[in-house]
Structure formats: C-alpha cells, structure tokens
Number of protein chains: 2
Amino acid sequence: MTEHEFLAALRTLPLHKGARGLKDDCGLIEIGDETLIFNHDSMAEGTHFRPEADLADVAWKLVAINLSDLASKGAEPIGVLFGHALGGNDRQFIEGLRQVLTAYDVPLLGGDTVATTGASTYSMTAIGRATCKPVPSRDAARIGHGVFVTGTIGRAMLGFEGDKEYLEAFNRPRPQIDAGKQLAPHVGAMMDVSDGLLLDIHRMARASELSISVESSAVPVAQPDRRGECMRWGDDYELLFTLPQGTQLPFPATMIGTVEPRGSAPLYLDGEAMADAEGLGYQHS
Amino acid sequence: MTEHEFLAALRTLPLHKGARGLKDDCGLIEIGDETLIFNHDSMAEGTHFRPEADLADVAWKLVAINLSDLASKGAEPIGVLFGHALGGNDRQFIEGLRQVLTAYDVPLLGGDTVATTGASTYSMTAIGRATCKPVPSRDAARIGHGVFVTGTIGRAMLGFEGDKEYLEAFNRPRPQIDAGKQLAPHVGAMMDVSDGLLLDIHRMARASELSISVESSAVPVAQPDRRGECMRWGDDYELLFTLPQGTQLPFPATMIGTVEPRGSAPLYLDGEAMADAEGLGYQHS
C-alpha cells in the first residue's frame with residue numbers, strides 16, 4: 001500500500017475524537033481544563049538519515065521534528081518517550097539526546113530499546129500542553145487570510161548537499177516552539193514545514209477546502225537561483241500559518257500569499273494552478 | 001552498549017519526575033486530579049516476530065504488549081499512537097489493528113508511517129488514565145506480602161513452538177486490563193510478566209530492595225514437566241503482584257511465594273539463592 005492508501009485505511013479504524021480524523025499532525029486529549037497534544041514521528045536509516053550519520057545528530061533531529069509538530073499547535077512540551085534500536089553508536093545517540101533535551105528544556109518520560117537487525121528505526125512520541133484554545137489546525141485557513149512563513153526556506157537542502165553554512169540547518173533543525181506559542185492565539189491555520197513548503201501549502205489548502213495563491217518571489221529562500229527547489233525540498237521545520245487581515249504580526253514572518261475562494265486547484269503558484277501534489281515536495285534519502 | 005549500559009546512560013539525561021528514574025515500565029504525567037500513564041514498546045522483525053509472521057498478529061501483539069504495561073498500572077486505556085514501517089502486508093496490519101482496538105475498545109489517536117529498508121520495526125505509545133492512586137509500581141513489595149500471578153505461565157512458549165492449543169497465547173496475548181483495575185487498589189508491587197516470570201520477580205525484588213522466595217511447584221504452568229522453561233520463557237503478559245497479608249484476593253490468581261527481608265540474592269527459588277539475573281529470562285527470536 002502507498003502511504004496515502006494506508007492512511008485512508010487507518011481512517012476506517014476506531015478513532016479517538018482527538019485524532020481529528022487523522023487529518024492533522026497531532027492527536028489531542030482533553031483532561032479537565034487542559035488539552036494534551038501528542039505527536040509520533042520516526043526516523044529510519046536510509047530514508048531519513050544516511051547510514052554514516054552521526055547518531056547525535058539523528059537523536060537531535062528525532063526530538064526536533066517531534067517538537068516541531070508540537071510547535072505548530074502552540075504547545076508547551078512536557079516530555080518525550082522514545083524507541084531506540086540498539087547497536088549503532090549508542091553513546092553518540094545519548095549525547096545528542098542530552099543536547100536537544102537540555103536545549104529545549106524537555107525531559108525524558110520513558111521509552112524502550114530493541115535489538116534490531118539491519119537498518120535502524122528510531123521512534124518518538126512527544127507530549128505537550130496546549131497554551132491556547134482552540135488548538136491550531138491545518139484546516140482553519142479562511143478566505144482573505146494572509147499566508148506567512150517564518151525563517152528562510154531551503155536551508156536544510158543546502159545543508160544536506162554539504163554547504164557548511166547550512167549543515168546545522170539539516171542536521172540540527174530548531175523547532176519553533178516560542179514562535180508557535182506566540183502565534184497560536186492569532187492564527188487561522190498553522191502547520192510546520194516538513195515535507196516541502198509548496199506541498200505543505202497544498203495540504204493546508206486542501207484541508208481548509210480553499211485555494212492558496214503564492215507569489216514565489218515573496219518566499220524567503222536560502223538560494224534565490226534555486227527558488228523552486230528550496231520551496232519543494234522540505235526539512236526546514238519553519239512554521240506556515242495564515243492570519244486574518246488586519247492582525248498585527250505576532251512573530252517575525254514573511255507574507256508569501258493569500259487565501260482565496262476554492263478554485264480548480266488547492267495551490268496557485270504565480271497564478272498557475274497546481275492541482276496535483278506530485279512534484280511539490282521531495283522524498284529525499 | 002548493552003541494554004543495561006544504555007539504560008544507565010539514559011538515567012543521566014534530564015528526566016521527567018513521572019519517569020520514576022526509568023526504573024518502572026511506564027511514565028506518569030499528573031494533570032489536575034488525573035494521572036495519565038504512558039508506555040512505549042516496539043516490535044522488531046527478527047527479534048520479536050518472524051519475517052513470515054502474519055502482520056495482523058504483529059499488530060495485535062504490538063497493541064497488547066503496550067496495553068499490558070498499562071494494565072500493570074491499573075490504567076484505563078485512552079488511546080494509542082503508532083509508528084508503522086510501510087512495505088510489509090499493510091492490509092493485514094490494519095486488520096489486526098482493527099481487531100485489537102475493537103476488542104479492547106481503544107481508539108487510535110495518531111501515528112506516522114515510514115518507508116524503511118530491510119527488517120521492519122513497529123512502535124507504539126499507549127496512553128491510559130490511572131484508576132487509583134498511588135499508581136502501582138514494581139518497587140512497592142513489602143516484607144510479609146504474598147506474591148501472586150494471574151493465569152498460567154508458559155503458554156506463549158508452547159504457542160511459539162507450534163502447539164496449536166497455545167498459538168493464540170503467543171500470537172494474540174490478552175492484556176489483563178480488567179484484572180489490573182481490580183487489583184490496583186489493593187496491591188503492593190505490580191508488573192506484567194513479559195520477559196520471563198523468574199526474571200520479572202528478580203526485578204521486582206531488586207526494585208523493592210527485598211528478597212522474594214518462590215516455590216516453583218506452586219507456579220501454575222502450562223506444561224509441568226517443563227516447569228523451569230515455562231517460568232523463564234516470558235511473553236505471557238499475565239500480572240505479577242504482591243498483596244499485604246490478610247487481603248482478600250481481588251481477582252483470581254495463584255500465590256507462588258512470599259516477600260522476605262533482603263538476603264544475599266533478590267530471588268530464592270525453592271530455597272536456592274539466585275543472585276544473578278542471567279538465565280532467569282529468555283531472549284527469544
């Protein structure tokens with residue numbers, strides 16, 4: 001099954017209402033007045049990192065990509081649980097964990113270790129507490145909203161390619177926890193940029209059942225002569241969000257487009273209809 | 001690093017207080033008057049299941065082993081998140097998930113899928129709500145407590161070996177959720193039997209800093225002429241617990257030993273000191 005078919009099949013299972021139909025990045029559980037937010041993301045050798053990768057970087061990134069999803073919900077992280085495949089450079093992994101948990105002041109809540117054969121997969125569940133309600137989702141874009149992105153897009157791509165200036169951007173992405181908390185009370189839709197900016201915009205538009213028009217020249221990219229690649233590569237872990245007109249920007253970000261009535265495609269790039277998600281994000285090894 | 005070394009290194013990381021020093025099976029988060037309970041366990045191809053296994057069984061067991069840890073805390077399951085390695089018989093996996101989630105009335109809260117190369121690892125976080133406080137732990141055995149186990153031990157071993165009567169016991173273990181809830185308000189220590197009864201008793205005694213004396217003839221085993229193997233093989237997912245003297249048994253179980261002052265070994269088996277954990281549980285493929 002493709003990931004798309006698998007996800008469609010999962011939606012036929014008994015779902016928690018906080019799973020939001022598996023159409024969002026995180027699950028929610030309401031406990032009294034609090035809303036807890038859960039994210040589960042894994043990293044697989046050969047798919048998300050190279051066999052020769054420093055496992056300290058892998059551990060950092062594993063935590064970072066999970067916290068990035070919490071950030072897109074405006075959540076305050078509470079703790080993480082992880083599944084560890086023993087047998088790589090486990091000391092490096094531990095040191096990377098120590099660095100990222102310390103940097104983001106997030107404690108370890110538990111986990112398990114398994115002996116595996118062949119390529120390793122590391123998994124994680126991150127748990128956070130909502131700082132505002134409603135918790136932001138990717139389906140709350142509304143006609144007339146401006147579309148914004150934090151930071152600069154394409155940095156991870158350049159780091160992956162070996163550009164020393166951007167190695168950190170690829171190996172040690174920085175989840176936008178503070179930005180998420182500041183933005184959450186004001187945004188329409190919000191999500192993190194993980195699989196490619198254009199693909200993520202396409203998904204936001206589809207979830208919101210609207211169209212989003214993007215002006216590519218407005219997108220802040222790390223290498224302007226490779227603007228198209230920067231907008232498609234992903235792994236940047238910036239925040240993509242919409243704001244109602246007239247809202248003062250609560251956190252530095254760049255306006256790159258507008259939300260419009262539903263047209264023939266979820267995404268219009270420089271006026272061109274992009275109906276198909278194919279080619280908007282990269283599957284990178 | 002060995003699993004033991006890895007765990008020791010993990011304990012030097014920033015830990016949530018609900019991680020209980022990583023000495024217990026689950027992590028706890030207190031939210032208002034509620035205590036949420038978290039467990040993360042993975043299953044790896046070649047280690048926890050055979051490459052030719054029916055993935056419906058694997059999905060069932062993945063949920064069951066996670067719920068079993070919640071059961072040992074007397075928890076009511078709330079939901080599960082999982083990490084799925086695409087590329088096996090994904091339809092079988094979905095159907096197994098459907099069966100186990102329906103059987104235990106536990107909804108899916110989220111998860112992720114990854115493309116992997118080689119052997120597959122499936123991971124899960126199960127989330128539950130404590131039904132009584134304090135939440136049972138493995139370190140609360142006290143001198144004079146009786147030591148009990150639910151069910152019959154060694155059934156999974158026989159199932160693994162192909163005994164048709166016990167195939168289900170190995171492939172589709174039944175987490176003792178109801179037993180756990182009924183026992184939790186009364187027990188001293190409690191944990192599930194996952195890695196071998198004797199090994200788990202050894203761990204309970206060590207955590208409680210006491211000795212436990214076991215009468216092997218009292219242990220309910222599936223094949224009495226292989227009593228030693230039954231007590232060491234594991235994968236049974238029954239509950240092991242201690243009860244203060246004079247407590248009426250709140251759920252059917254068998255008394256197999258007593259908690260005694262700390263001696264030269266954590267475990268005395270038929271009077272023989274078993275200082276070392278080696279040989280008390282099986283690593284099975």
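For clarity, every value in this text was computed on a predicted model and none was experimentally measured. Throughout, a chain's letter reflects where its sequence line sits, starting with A, and its residues are numbered from 1.
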- Item | Toward chain B, the part of A:Leu86 with a non-hydrogen atom under 4.5 Å | side chain
- Of the listed B:Met124, B:Arg91, B:Glu45, the one with the largest count of heavy-atom pairs under 4.5 Å with chain A is B:Arg91
- Message: Nearest 0.5 Å, please: how far is CG in A:Leu108 from CZ in B:Arg11?
- Response: 11.0 Å
- Heavy-atom side-chain contact between A:Val114 and B:His48 under 4.5 Å: yes
- Item | 4.5 Å side-chain heavy-atom contact, B:Leu10 and A:Phe82 | yes
- Answer key: most heavy-atom pairs under 4.5 Å with chain B among A:Asp90, A:Leu109, A:Ile78 is A:Leu109
- Query: Is there a donor-acceptor contact under 3.5 Å linking the side chains of B:Thr125 and A:Thr125?
  - Reply: yes
- Message: Can you tell me which portion of A:Thr12 sits under 4.5 Å from chain B's heavy atoms? Options are side chain, backbone, both or neither.
- Response: both
- Query: Based on non-hydrogen pairs under 4.5 Å, which of A:Ala119, A:Gly18, A:Ala85, A:Ala115 is most in contact with chain B?
  - Reply: A:Ala115
- Sort by residue number and list every member of residues 19-43 of chain B having a non-hydrogen atom under 4.5 Å from chain A. B:Ala19, B:Leu22, B:Gly27, B:Leu28, B:Ile29, B:Ile31, B:Glu34, B:Leu36, B:Phe38, B:Asn39, B:His40, B:Asp41, B:Ser42
- Query: Of all of B:Gly88, B:Gly79, B:Ala9, which one pairs up most often with chain A through heavy atoms under 4.5 Å apart?
  - Reply: B:Ala9
- Query: Are the side chains of B:Pro14 and A:Thr102 in touch, meaning some heavy atoms are under 4.5 Å apart?
  - Reply: yes
- Message: If you count heavy-atom pairs within less than 4.5 Å of chain A, which of B:Gly83, B:Ala44, B:Gly111 leads?
- Response: B:Gly83
- Message: Between B:Leu97 and A:Leu13, does the side-chain contact (heavy atoms from CB on, under 4.5 Å) criterion hold? Intermediate values first, please.
- Response: CA-CA 8 Å; B:Leu97 267 186; A:Leu13 297 180; 3.8 Å; yes
